[in-house]
Amino acid sequence: MKGTVQFSAALVLLALAFSFATAYDPSPLQDFCVDLNDTTSAVFARDNIIDYHFLLVLHAVLVNGKFCKDPKLVKAEDFFFSGLDKVGNTSNKEGSAVNLVNVDKLGGLNTLGISLARIDFAPYGLNPPHTHPRGTELLVVLEGTLNVGFVTSNTDNRLFTKVLNVGDVFVFPIGLIHFQQNIGNTPAVAISGLSSQNPGVITIANAVFGSNPPISIDVLTKAFQIDANVVKYLQSEF
Ligand SMILES: *[C@@H]1O[C@H](CO)[C@@H](O)[C@H](O)[C@H]1NC(C)=O
Ligand SMILES: *[C@@H]1O[C@H](CO)[C@@H](O)[C@H](O)[C@H]1NC(C)=O
């Protein structure tokens with residue numbers, strides 16, 4: 001009997017794990033699944049039925065999401081985050097700061113397929129070219145004037161760009177390289193919604209020239225058709 005329960009539960013979890021492996025955040029199967037934020041006391045552990053199969057399957061589940069907190073213990077605070085009124089520190093080389101409220105900062109976002117960011121820009125500050133591998137981004141300007149854009153994939157590498165003023169909205173499709181620059185001499189502020197609880201970010205320059213360990217100079221020299229000394233310089237900057 002115990003064996004049967006374990007086996008069918010493992011099958012269900014496997015099915016869940018595979019459905020989580022599709023392109024988008026999955027639709028929730030319940031009202032909410034607040035991030036337990038503590039895998040050592042997961043519901044499964046209390047039932048004392050963890051076996052080898054469970055450990056294997058749990059690993060697969062962990063890769064794609066978080067454990068649910070017991071709904072009876074969930075409080076309003078689990079759906080709450082405070083602090084997006086705070087101005088980001090833009091004293092850096094790019095002159096921008098992103099405060100992303102994802103599932104790591106707001107446990108109630110788990111399984112809901114959404115997150116939010118405040119982006120601050122110093123005068124002429126730049127949020128440099130980057131992609132979100134798991135999320136489309138919808139940006140609204142609250143303050144200042146931004147020049148924004150994204151580039152399509154290699155079929156034509158087409159650039160779509162636009163100047164945005166207060167109240168203007170622009171969408172950056174999932175996975176595409178995009179940027180935002182403040183083109184005014186006063187600070188700018190934008191809010192972005194992202195279609196994942198954990199959209200991820202790959203900043204192109206940092207990933208290519210600042211990887212750890214570094215990508216070989218030969219690879220980068222050929223890829224960018226530039227001199228080895230230029231590659232070394234760029235690697236030192238990132
Ligand atoms: C902003 O960041 C800079 C560079 O890291 C740091 O020197 C400065 O103290 C920070 N300012 C505030 C107000 O935190
Ligand atoms: C989860 O726990 C970590 C470490 O204790 C903490 O820094 C983080 O804020 C917590 N996240 C949430 C959403 O409560």
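In what follows, residues are counted from 1 in the order of the sequence shown. Read the numbers this way: they start at 1 and go in the same order the structure lists the ligands and their atoms. A quick note: this is a predicted structure, and the numbers were derived from the prediction, not measured.
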Would you say the side chains of Gln197 and Ser115 form a donor-acceptor pair under 3.5 Å? no
Close approach of Asp35 to ligand 2, heavy atoms, under 4.0 angstrom: no
Report yes if some heavy atom in the side chain of His130 is under 4.5 Å from a heavy atom in the side chain of Phe179; otherwise report no. no
Quiz question: by atom type and distance under 3.5 Å, do the side chains of Lys69 and Asn37 form a donor-acceptor pair? no
Do Asp218 and Ser216 meet the criterion of a side-chain donor-acceptor pair at a distance under 3.5 Å? no
Where the closest heavy atom to atom 12 (C) of ligand 2 is concerned, which of Val34, Asn37, Asn102 has it? Asn37
Have Ser96 and Asn92 got a donor and an acceptor in their side chains that come within less than 3.5 Å? no
Could you tell me, atom by atom, which parts of ligand 2 come under 4.0 Å of a heavy atom of Asp104? 11 (N), 12 (C), 13 (C)
Pick, from Asn89, Asn92, Thr90, the option with the minimum heavy-atom distance to atom 6 (C) of ligand 1. Asn89
Does a donor on one side chain and an acceptor on the other come within less than 3.5 Å for Asn157 and Thr152? no
For atom 9 (O) of ligand 1, is some protein heavy-atom partner under 4.0 Å away? no
Answer yes or no for atom 2 (O) of ligand 2: protein heavy atom present at a distance under 4.0 Å? yes
In terms of atom number and element, which parts of ligand 2 are under 4.0 angstrom from non-hydrogen atoms of Lys105? 13 (C)
How far is atom 4 (C) of ligand 1 from the closest protein heavy atom, and which atom is that? Ser91 O, 3.6 Å
